[in-house]
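Heads up: the structure comes next, in structure tokens.
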Amino acid sequence: MYSSTKKRKKKITTHCLRAMKERGERVVMLTAYDATFARLIDRAGVEVILVGDSLGMVFQGHRSTLPVTVEHIIYHTAAVKRGAKRALVVADMPFGSYQVSPDDALRNAARIMKESGAEAVKLEGGARVLEAVRRMTESGIPVMGHVGLTPQSVHQLGGHKIQGREERAGRQIREDALALQEAGCFSLVLEAIPQALAGTITSDLAIPTIGIGAGPDCDGQVLVIYDLLGMDERFEPQFLKKYEDLAGTISGAVQNYAEEVRDGAFPARENGFE
Ligand code: KIV
């Protein structure tokens, strides 16, 4: 239940997340792409709302996140900001917006923050993005890192697969995590890596880790809101727990409406105006 205590209402900042880790409190993060979901998620007391480039898949219907542009992220983040009052709103930097050069990354991150109202940005990768992360954090932009399965590299990785299973690959992810912290990241998403590796990285780092498909030993967890709500009955990955079956509920409601329109039950006289 949403609590109305002062503590619950306090605006979340990147500093709060660090303090939560120090107190051993778990951070809750969810994605949102519009004002209505953002308002409901915010009201439920979630600390971080991520305007993920997952919107390319769940909102736009693409097979990957690659087609998402800076303009799409600005549009959706501005909508989310109108709905969220307390949560920290983080905007994903889409594919191609930070890989060209650190200057280009800074330019795009600054544009996203100015035009959408985002309070932080997130980008994917380890060693290859360190310079971009440094450039942004030195300019006052809070940056969340993302290692393990990095969906923007899906074609290079050969699919959406678990990462870091072999010792060398695991070591690389651990080194990347430490280097991202060193470069100034305030938090790190760990996606689809073995639970033990996620636990080790979490205890190595002073900044909070947010896991997805990385087990229970992270400092927080993130899910795509459509996945948590069971909006796609075809999507059943092992890491996911569906808290609702909205695919069935929504289809059922729409079928009821369609039947009532066809047989004349809706609208009834009381739904009209004298
Ligand atoms: O784009 C996204 O939604 C994400 C989360 C799943 C971490 O990157």
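Each ligand, and each atom within it, is numbered from 1 in the order the structure gives. On a predicted model such as this, the values are computed, not experimentally measured, just so you know.
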Worksheet entry | salt_bridge(R111, E115) N-O dist < 4.0 Å | yes
*asked:* If the threshold is 4.0 Å, N to carboxylate O, is there a salt bridge linking E175 and R171?
replied: no
Note: with side-chain heavy atoms under 4.5 Å as the link, the other cluster members for L66 come out as F95
Extract all N/O-N/O pairs under 3.5 Å that connect ligand 1 to the protein, and present each with both atom names and the distance rounded to 0.1 Å.
residue  : atom  : partner : partner atom : Å
ligand 1 : 1 (O) : D53     : N            : 3.2
ligand 1 : 1 (O) : D53     : OD1          : 3.0
ligand 1 : 1 (O) : S54     : N            : 3.0
ligand 1 : 1 (O) : S54     : OG           : 3.3
ligand 1 : 1 (O) : D92     : OD2          : 3.1
ligand 1 : 3 (O) : S54     : OG           : 2.5
ligand 1 : 8 (O) : K122    : NZ           : 3.0

Take atom CD of E182 as the centre, draw a 6.0 Å sphere, and report whether it contains more than 12 heavy atoms from other residues, nucleotides or ligands. no
> With a 4.0 Å cut-off, would you call E47 and K10 a salt bridge?
Replying inline: no
Are the side chains of I49 and T31 in contact, using a 4.5 Å heavy-atom criterion? no
